[in-house]
Protein chains: 2
Amino acid sequence: MADSPVSPLHIVRTQSLASLVADELERMILSGEIPPGTRLNEQALAARLGVSRGPVREAVRGLDRSGLVVTVVNQGSFVRQLSAEEAMDVYDLRVALTGYACERLAGRATPEQLGTLEDMVQGMESAADSDDAARYYALNLDFHSALMSMGGSSRAVRLYDDLGKELTLFRRRALVAPENMRESNAEHAAILHALAAGDAAAARMAGEAHIRGGKRRFATSTPPAGTEPAGKKRPGKAAARGEEEHVQDRDAPGEPTR
Amino acid sequence: MADSPVSPLHIVRTQSLASLVADELERMILSGEIPPGTRLNEQALAARLGVSRGPVREAVRGLDRSGLVVTVVNQGSFVRQLSAEEAMDVYDLRVALTGYACERLAGRATPEQLGTLEDMVQGMESAADSDDAARYYALNLDFHSALMSMGGSSRAVRLYDDLGKELTLFRRRALVAPENMRESNAEHAAILHALAAGDAAAARMAGEAHIRGGKRRFATSTPPAGTEPAGKKRPGKAAARGEEEHVQDRDAPGEPTR
DNA sequence: ATTCTGCAAACTGTTTACAGAGGACATTTT
DNA sequence: AAAATGTCCTCTGTAAACAGTTTGCAGAAT
């Protein structure tokens, strides 16, 4: 009846603590607040989030399955570290996914869908003109999400997003240089053009070329070091006191088991 | 020193109970022992596996993340039910992945790798000749795994396998009709031929065509009913007594939230 | 006869408690 | 002085207990 179905008593338990913890943990990891290689101290995390260790363990187990976290028995869970090669492999998978979505969409894109994409490309152009990297970044995410959603399936969208999260483990932030924005958006336009023309082969090529371009743009603008130095510091006993500390990094195993 | 490195005290804790439970649960689900739509009763599962509810919850949470299980707050976790459309989408994703792996492999396949694949195709041919569906099935899995591993990355292999597990949720078992074996293996040979020729485009086409063929062979040999009837039985109270019962199905929500 | 209400059992979500493993530091030994 | 070793302490892994919710059934009221 009421407009807002809020229970008068306590807030309705609409989702479990474990899922909330999982979301928060994922956010912390993807934002870099907890850098790769860091050990996830269950007790500290539980205390910081105001829950017990149970939900934290469940959340970490979920992140482990989805690839953001690596667990070593009796040693704990660590934020996954992606090697440069693995990151490139992930890019390649996104190439394949994007190409496929574009190819499928070419044959059946509705004028409405094309209009939506067109608007996004326009928006990115204006963002590039005003050097608004943040806005370009957001629109770019939307564009690719829309592409996957229209051409692929919901499963494809989730896959693409998950791969993106893994990439975020490698590159701290999407480095969008001003000149890259224009180049990138030109490729967007090429995709759109092929889609509008209904040319499946061209759309696929354009989609693949775009992600490959992103991979290249990233690879050329990143430090040439093959593997990250990672945290080598050993905090000793003091850090374990945990007064304000919520995470503690030990030796930081890169990829112990997989 | 000894041949079998078994600890004299208790068996070495080489992996956690939660991971063991997760493996066992996955096996149960994929084998059909716990059919889609079934609710996973934590207490019953814990009792059956001889552990407490903690590891079971962690395992279920992991399966939820990997897509085999769907969880509803305060109602429990259910084995996921794939609709026919979703299954087709998963097939399409495998088409894309396989095509991509084949394309990449074409340029750089070593004679050794080609020999390995050749042996598998030969093995499948002999299996088809003797109508040994089980052996064909196993070799087929190996062939595709090898293809992904050689042409793609370890990430691609895992992705492909995970998608395969999801498909298993839909089709109880890979139905390999005798005539299908020959058709399927002819496509394998075509892939191999293109790979040996180093023709990337042809390899991709052949790889894609093969999975599409598998999709078609499955779609034509499956009941035309769009959605599965699923378990509609309401077991009442008797089943909940749990003397030998380890699972209990209630209303079986297909895809409550995603 | 049907529907609604109230009670009870079961199950999920969460917290708390306990045992074993691993690591860091101090001491001892060579 | 350097290496080895012993001890303590933290943290993970697991189990058990506790609170809240949902579900099913029985009985009452219409």
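Please read all numbers here as calculations on a predicted model, not as lab measurements.
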Quiz item: dG13(D), dT12(C), dA15(D): which one has an atom nearest the side-chain heavy atoms of R57(A)?
Solution: dG13(D)
Quiz item: In whole angstrom, what separates N74(A)'s CG from dA21(C)'s P?
Solution: 7 Å
Practice problem: Quickly work out the D64(B) CG to dG13(C) P distance and round it to whole Å. | Solution: 11 Å
Self-check item: Donor-acceptor contact below 3.5 Å, side chain Q75(A) vs main chain V72(A)
Solution: no
Quiz item: For the pair made of CD in E42(B) and P in dT12(C), what is the distance, rounded to whole Å?
Solution: 5 Å
Quiz prompt | Carboxylate-amine/guanidinium proximity below 4.0 Å for D64(B) and R65(A) | solution = no
Quiz item: Could you state the CD-C1' distance from E58(A) to dT12(D), rounded to the nearest angstrom?
Solution: 16 Å
Practice problem: State plainly whether the residues D162(A) and R158(A) are in salt-bridge range, i.e. N to O under 4.0 Å. | Solution: yes
Quiz item: Looking only at atom types and distance, does a side-chain atom of R53(A) sit under 3.5 Å from a main-chain N or O of Q43(A), one as donor and one as acceptor?
Solution: no
Quiz item: Taking CZ from F78(A) and P from dC11(D), how many angstroms apart are they, rounded to a whole number?
Solution: 13 Å
Practice problem: Please state how far atom CZ in R39(A) lies from atom P in dG23(C), giving the value in whole angstrom units. | Solution: 10 Å
Self-check item: Phosphate-side-chain proximity, R53(B) and dA16(D), N/O vs OP1/OP2 below 4.0 Å
Solution: no
Exercise. Measure from CD on Q75(B) to P on dC11(C) and round the result to the nearest Å.
Key: 14 Å
Quiz item: Once you round it to whole Å, what is the distance between C1' of dT14(D) and CD of Q15(B)?
Solution: 16 Å
Practice problem: Would you tell me if any nitrogen or oxygen in the side chain of N41(B) comes within less than 4.0 Å of OP1 or OP2 on dC11(C)? | Solution: yes
Quiz item: Base, sugar-phosphate alone, or nothing: which one does G54(A) contact when heavy atoms must sit under 4.0 Å apart?
Solution: base
